[in-house]
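Have a look at the structure below, then the notes.
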Amino acid sequence: MTTAAPPALKRMLVVGGTGLVGQHVCRAAILRGWHVTSVSRKGSPAWAVPGDWADTVEWISGDVTDPNLPLSQLVCMHDKPVDAVVHAVGILFQTPALNDIVNAPSISASLCAVRRLVTGQARNDASLEFDALQSASAIRLADELGMAASEATITTNAPHVPAMIYVSAEVTPTMEYAVRREYLVTKRRAESHILAQAQRLRPVVLRPGLLESKFRPLTRPMAWASTLASAVTGLVPPALHVADLADAVVGAAEHSEVSGVLGPQELAAQARREQAEAPVSRADV
């Protein structure tokens, strides 16, 4: 009697896995049986969404804007391209101290960040660049993944089409006054390049509205207001819970028919589909 070989482990690389979106993506993927590797400047997260999922992630420290970072090695595991790459790196401000305030996981942490800024004790890192983080890094990542996929297809004589998932943002004309032009331009530049790689990989661009999470309490009221304004006026997209976005990311990685641009409504539908097909606990998120 022969025993069937176990299914191959699905492999995902999350760039920016220590951030709010990245952590939720890592968690959602781990709970659904993926092998997950995260690369970020911090390496391992300074704080983590509750649960023991973080013990299973392979945390790697690396600056995705560094041209010497060996992305060609990161997009391959055991001499094969990963099944999905998720680019979850993004900033709202080019000043690191302001991002610390907005992204703090609690009100007390936000207040501490404000105090450090006011008293001159905030970290004085070099200004962050929208282009380097949101555009150039994603373009280089897509190129490396595309080359690895093409080489694997030639070597094995079998098609290997990994998913390149880019977390972008939905910005309606009404919202444009509230964001810097460079933020939107660099996002769209990366989107265009990734979508043009359809012959070598499966491009997926996700455009959520404002994200709602108890781990970002400072912007939570804005997310609630966005959902209300969407229902009343339709001029802004409804907010999306970050756990729903994470479910949509994993669902997009799972289903080979998913490609192209997914807006707020499509993301909500994809999240519901993923929870229906592979439900995981949402008690702590």
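As the structure is a computational prediction, the values presented were derived from the model and not from experiment.
- One finds the CG atom of Leu71 at 10.0 Å from the CG atom of Asp143 (value rounded to the nearest 0.5 Å).
- No side-chain N or O of His241 forms a donor-acceptor pair with one of Ser213 less than 3.5 Å apart.
- Although no hydrogens or angles enter the test, the distance criterion places a donor-acceptor pair under 3.5 Å between the side chain of Trp53 and the main chain of Val49.
- Two different hydrophobic clusters hold Leu31 and Leu13 under the rule that ILVMFWY side chains link at heavy-atom gaps under 4.5 Å.
- Between the side chain of Asn103 and the backbone N or O of Asn99 there is at least one donor-acceptor pair closer than 3.5 Å.
- Looking only at atom types and distance, the side chain of Glu151 has no donor-acceptor partner in the side chain of His160 under 3.5 Å away.
- Side-chain polar atoms of Arg272 and Gln275 form no donor-acceptor pair below 3.5 angstrom.
- Contact record, Ala28 with Asp247: CB-OD1, 3.9 Å, taken as the closest heavy-atom pair.
- The distance from the OG atom of Ser259 to the CE atom of Met164 is 14.5 Å, given to the nearest 0.5 Å.
- Figure legend: Lys187 and Phe130 shown without cation-pi pairing, the cationic atom not lying both under 6.0 angstrom from the six-membered ring centre and within 45 degrees of its axis.
- Distance CG/Asp63 to CZ/Arg41: 4.0 Å, rounded to 0.5 Å.
- For the pair Glu274/His255, a side-chain contact is recorded, criterion being any heavy-atom separation below 4.5 Å from C-beta on.
- Side-chain contact between Thr172 and Leu235 is absent, with no heavy atoms from C-beta onward closer than 4.5 Å.
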Item to check | Derivation and outcome, side chain to side chain contact (heavy atoms under 4.5 Å, CB included), residues Val261 and Arg207 | outcome: CA-CA 7 Å; Val261 178; Arg207 290 184 181 174; 3.8 Å; yes
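- Taking the side chain as every heavy atom from C-beta outward, Thr65 and Leu133 approach each other to under 4.5 Å.
- Taking all atoms of both residues into account, the shortest heavy-atom contact from Gln134 to Val89 is CG-O, 4.3 Å.
- Looking only at distances, a side-chain donor or acceptor of Ser230 sits under 3.5 Å from a matching main-chain atom of Val236.
- Hydrophobic cluster membership differs between Val167 and Leu210, with clusters built from Ile, Leu, Val, Met, Phe, Trp and Tyr side chains linked at under 4.5 angstrom.
- Side-chain atoms of His35 and Met12, non-hydrogen and from C-beta on, never get closer than 4.5 Å to each other.
- Taking CG from Leu206 and CD from Glu191, the interatomic distance works out to 9.5 Å, rounded to the nearest 0.5 Å.
- How far CD1 of Ile101 is from OG1 of Thr219: 13.0 Å, rounded to the nearest 0.5 Å.
- Annotation for Gln265: atom CD does not count as buried by contact number, only 12 or fewer foreign heavy atoms lying within 6.0 Å.
- In this structure the side chain of Ser38 never reaches within 4.5 angstrom of the side chain of Glu58, judged on heavy atoms.
- In this structure, the side chain of Asp244 does not engage the main chain of Ala268 through any donor-acceptor pair within 3.5 Å.
- With a 4.5 Å cut-off between side-chain heavy atoms of Ile, Leu, Val, Met, Phe, Trp and Tyr, the cluster of Met147 takes in none.
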Item to check | Trace of the side chain to side chain contact (heavy atoms under 4.5 Å, CB included) decision for Met222 with Glu212 | outcome: CA-CA 8 Å; Met222 296 173 58; Glu212 191 263 319; over 6 Å; no
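- By the 4.5 Å heavy-atom criterion applied to side chains, Asp83 and Trp34 are counted as neighbours.
- The side-chain heavy atoms of Arg188 and Ser168, taken from C-beta on, include a pair separated by under 4.5 Å.
- Considering every non-hydrogen atom in both Lys10 and Arg32, the closest pair reads NZ-O, 3.4 Å.
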Next on the checklist: Please determine whether side chain to side chain contact (heavy atoms under 4.5 Å, CB included) holds for the pair Thr37 and Val14, giving the CA-CA distance in whole Å, both sets of side-chain angles, and the decisive distance to 0.1 Å.
Outcome noted: CA-CA 6 Å; Thr37 300; Val14 180; over 6 Å; no
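- Between Cys26 and Val57, the shortest heavy-atom distance links the atoms CB-CG2, 4.1 Å.
- For Leu267 against Pro208, the heavy-atom pair with the smallest separation is CD1-N, 3.5 Å.
- Tracing side-chain contacts under 4.5 Å through hydrophobic residues (I, L, V, M, F, W, Y), one never reaches Val161 starting from Ile194; they form parts of separate clusters.
- Considering Arg180, Arg140, Arg189 in turn, Arg189 is the only one that fulfils the salt bridge (Lys or Arg N to Asp or Glu O under 4.0 Å) rule with Asp131.
- Remark: the backbone N or O of Val258 is paired with a side-chain donor or acceptor of Arg202 at under 3.5 angstrom.
- Look at Glu257 and Arg273 and you find a salt bridge, because one of the NZ, NE, NH1 or NH2 atoms lies within 4.0 Å of a carboxylate O, short of that distance.
- No donor-acceptor distance shorter than 3.5 angstrom exists from the side chain of Thr18 to the backbone of Lys42, with no hydrogens or angles considered.
- Contact check for Val205 versus Leu195: side-chain heavy atoms found under the 4.5 Å cut-off.
- Under the 3.5 Å distance criterion, with hydrogens and angles disregarded, no donor-acceptor pair is assigned to the side chains of Ser135 and Thr186.
- Using a distance-only test at 3.5 Å, with no hydrogens or angles considered, a donor-acceptor pair links the side chain of Ser106 to the main chain of Ala109.
- Contact detail for Pro50 and Arg27: the closest heavy-atom pair is O-NE, 4.2 Å.
- One hydrophobic cluster, built from ILVMFWY side chains closer than 4.5 Å, cannot hold both Val204 and Ile139; they sit in different ones.
- Hydrophobic clustering (side-chain heavy atoms under 4.5 Å, transitive across Ile, Leu, Val, Met, Phe, Trp, Tyr) groups Trp59 together with Val86.
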Next on the checklist: For His24 and Phe215: C-alpha separation, side-chain torsions, deciding distance, then whether side chain to side chain contact (heavy atoms under 4.5 Å, CB included) applies.
Outcome noted: CA-CA 11 Å; His24 280 81; Phe215 300 109; 4.0 Å; yes
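- One distance of note links OG of Ser226 with CG of Leu211; it measures 10.0 Å at 0.5 Å rounding.
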